[in-house]
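This is the structure I want to talk about, given as structure tokens.
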Amino acid sequence: MDKYTCTMCGHIYDPAVGETKTFTTILCNSSEMDKYACKIMSAEPIKAGTDFSAIPATWVCPTCGAAKSYYRKQVPDTLTAMRTISY
């Protein structure tokens, strides 16, 4: 499974490990105060083996709170591998 990196903060989501950290948000919207009443909203941890495509679209980065759409698939850097060849 591929790893994904948050373009905002550099957090890496590794499907083999899952995600135990969750981003906590305190909602205090004055127009809907009765609905939320300044509740702490926290996401559920993601189990190991969960592919990135299976994560809900409402999931946010546990480090910076960026939306799932800010994550990009990691691409292997073949040039770095080529530079480390010993002659």
Side-chain angles (χ1 to χ4, degrees):
M1 286 190 261
D2 297 318
K3 294 180 182 178
Y4 287 79
T5 305
C6 177
T7 57
M8 297 299 285
C9 70
H11 175 264
I12 297 172
Y13 174 74
D14 185 357
V17 177
E19 190 61 63
T20 56
K21 295 188 315 181
T22 57
F23 188 77
T24 304
T25 307
I26 300 175
L27 296 172
C28 288
N29 188 340
S30 59
S31 65
E32 297 182 5
M33 197 66 122
D34 56 334
K35 183 177 178 183
Y36 296 114
C38 293
K39 294 179 182 175
I40 297 175
M41 309 296 279
S42 183
E44 293 293 321
I46 299 170
K47 295 179 183 178
T50 304
D51 190 40
F52 191 74
S53 61
I55 298 173
T58 57
W59 181 77
V60 295
C61 175
T63 304
C64 69
K68 180 183 172 185
S69 60
Y70 282 89
Y71 276 77
R72 298 292 179 259
K73 184 165 72 168
Q74 285 185 344
V75 183
D77 186 6
T78 55
L79 289 178
T80 301
M82 290 172 59
R83 287 187 208 116
T84 58
I85 296 173
S86 299
Y87 294 97

Atom pairs and distances, donor-acceptor, side-chain atoms in residues 64-72, under 3.5 Å, two or more places apart:
residue, atom, partner, partner atom, Å
K68, NZ, F52, O, 3.0
K68, NZ, I55, O, 2.7
Y71, OH, H11, ND1, 2.9
R72, NH1, S69, O, 2.6

Compare every heavy atom of T63 with every heavy atom of C9, then report the nearest pair and how far apart it is. SG-CB, 3.8 Å
Distance, nearest 0.5 Å, that separates OH of Y4 from OG of S53: 7.0 Å
Applying side chain to side chain donor-acceptor pair (under 3.5 Å), name anything that partners T50, two or more places apart in sequence or on another chain. none
Do P62 and E19 make a side-chain contact, defined as non-hydrogen atoms from C-beta onward lying under 4.5 Å apart? yes
Taking all non-hydrogen atoms of both residues, which atom of A16 and which atom of A48 are closest, and how far apart? O-CB, 3.4 Å
Rounding to 0.5 Å, atoms CG (D51) and CD1 (I46) come to a distance of 11.0 Å
